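Before any comments, here is the structure.
All values derive from a computational prediction rather than experimental measurement.
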Amino acid sequence: MRKPIIAGNWKMNNTIASGSALIKELIPLVKDAQCEVAICVPFTLLPAAAELVKGTNIKLGAENVHFADKGAFTGEISAEMLKEIGVEYVIIGHSERRQYFAETDETVNKRAEQALKNGLKPIICVGETLEERETGKTEEVLERQILGAFQNLTAFDMPANIVVAYEPVWAIGTGRTATKEQANETIAFIRKTLVEKVCAKCGADIRIQYGGSMNAKNASELMSMPEIDGGLIGGASLKAEDFSKVVNY
Ligand code: 13P
């Protein structure tokens, strides 16, 4: 049985003050959630957020992690630094990082390996652009991203520690959601790739989220699909009421 996980990705939003207020508002609204709940917040907010979510059912996540243990990597954050704060999840390979910060399948793989090595749970993001979908390249792109990201990861105790987020780039922040059939079908393809080409035993148990304009209105419809094991929520995670409605789909 795969327990659904709904995670907020705050991206570059909220200061310590506004983020703390949002978390305080959120805690009572999601306390009875049937799914796993996580919020992935900017680095500067992590220590305050860790204090606030202590003793609640909200898990804490970061939005990236560097692949080296430590050293001369100005501006980067290590897995050890995140662990020290009490971070459990870390988003890796978000399309915004691939698009604006030269993230590649290779660096996604290195970051995921480093996260797992240090006891952090990666949320590995994959997804095709609109052009790729319209030219029939979706499966080719997703297979390349999955095989790249999971290279040599089988040694770690998957599947409980790895989450995949399928985020079609054309649905992120656009208000244009994949239909529940599209999302379900594409996630089924990702799972088939995991089972056939990555880990025959554990592929079926890895949780795969949908992300891309998932919100209070469409969450229950998307979550009703058998292959969709949760959501990675951007815009709708920035308001406590909206996010709680997704969590309590
Ligand atoms: P939106 O929910 O704002 O479309 O963002 C999705 C996303 O990128 C989550 O990682």
Once rounded to the nearest 0.5 Å, what's the spacing between atom [atom1] of [X] and atom [atom2] of [Y]?
X: Ile92; Y: Gln114; atom1: CD1; atom2: CD; value: 9.5 Å
X: Trp10; Y: Leu45; atom1: CH2; atom2: CG; value: 6.0 Å
X: Lys180; Y: Ile228; atom1: NZ; atom2: CD1; value: 9.5 Å
X: Lys59; Y: Cys40; atom1: NZ; atom2: SG; value: 12.0 Å
X: Met225; Y: Tyr210; atom1: CE; atom2: OH; value: 12.5 Å
X: Glu185; Y: Thr138; atom1: CD; atom2: OG1; value: 9.5 Å

Side chains of [X] and [Y] only: does a donor on one sit below 3.5 Å from an acceptor on the other?
X: Glu128; Y: Trp170; answer: yes
X: Ser244; Y: Asn248; answer: no
X: Glu63; Y: His94; answer: no
X: Asn57; Y: Glu36; answer: no
X: Glu227; Y: Tyr166; answer: no

Does the [X] side chain pair with the main chain of [Y], one donor and one acceptor, at a distance under 3.5 Å?
X: Ser213; Y: Ala171; result: yes
X: Arg111; Y: Val65; result: yes
X: Asp205; Y: Cys202; result: no
X: Asn161; Y: Lys121; result: no
X: Thr107; Y: Glu103; result: no
X: Gln209; Y: Ile5; result: yes
X: Arg98; Y: Cys125; result: yes
X: Asn109; Y: Gln151; result: yes
X: Glu132; Y: Lys137; result: no
X: Arg191; Y: Ile206; result: yes

Given side chains that start at C-beta, do those of [X] and [Y] come closer than 4.5 Å, heavy atoms only?
X: Arg133; Y: Thr186; result: yes
X: Leu120; Y: Lys83; result: yes
X: Asp242; Y: Asn215; result: no
X: Val87; Y: Leu60; result: yes
X: Ile23; Y: Thr56; result: no
X: Leu222; Y: Tyr249; result: no
X: Asn184; Y: Pro226; result: yes
X: Met223; Y: Pro4; result: yes

Return the minimal non-hydrogen interatomic distance between [X] and [Y], and the atom names on each side.
X: Gly127; Y: Val141; value: O-CG1, 4.3 Å
X: Lys11; Y: Ile172; value: NZ-CG2, 3.5 Å
X: Gly231; Y: Ile233; value: C-CD1, 3.8 Å
X: Pro42; Y: Asn14; value: CG-O, 4.4 Å
X: Ala7; Y: Ile123; value: CB-CD1, 4.4 Å
X: Val90; Y: Ala115; value: CG1-CB, 3.9 Å

Subject >> Criterion salt bridge (Lys or Arg N to Asp or Glu O under 4.0 Å) on Glu113 and Lys110, from CA distance to verdict >> reply: CA-CA 5 Å; Glu113 185 169 10; Lys110 286 164 79 176; over 6 Å; no
Subject >> Steps toward side chain to side chain contact (heavy atoms under 4.5 Å, CB included) verdict (Leu130, Arg176) >> reply: CA-CA 11 Å; Leu130 187 58; Arg176 178 175 172 190; 3.7 Å; yes
According to a hydrophobic-cluster definition based on side-chain heavy atoms being under 4.5 Å apart (Ile, Leu, Val, Met, Phe, Trp, Tyr only), do [X] and [Y] belong together?
X: Tyr89; Y: Leu46; result: no
X: Val53; Y: Val246; result: yes
X: Leu238; Y: Val247; result: yes
X: Ile146; Y: Leu116; result: yes
X: Val195; Y: Leu153; result: no

Subject >> Verdict with supporting geometry, Ile39 and Phe243, side chain to side chain contact (heavy atoms under 4.5 Å, CB included) >> reply: CA-CA 10 Å; Ile39 50 170; Phe243 187 58; 4.1 Å; yes
Original post:
Between His66 and Phe73, what is the ring plane arrangement, given parallel below 30°, perpendicular above 60°, and tilted in between?
Top reply: tilted
Subject >> Gln34 atom CD, over 12 foreign heavy atoms within 6.0 Å >> reply: no
Original post:
Considering residues, nucleotides and ligands other than Glu76, do more than 12 of their heavy atoms fall under 6.0 Å from its CD?
Top reply: yes
Original post:
Would Arg144 and Glu140 satisfy salt bridge (Lys or Arg N to Asp or Glu O under 4.0 Å), going step by step from the backbone distance to the final call?
Top reply: CA-CA 6 Å; Arg144 191 199 70 225; Glu140 177 190 325; over 6 Å; no
**OP:** Please test Ile91 against Leu232 for side chain to side chain contact (heavy atoms under 4.5 Å, CB included), starting from the C-alpha separation and ending with a verdict.
**Re:** CA-CA 10 Å; Ile91 296 173; Leu232 189 55; 4.2 Å; yes
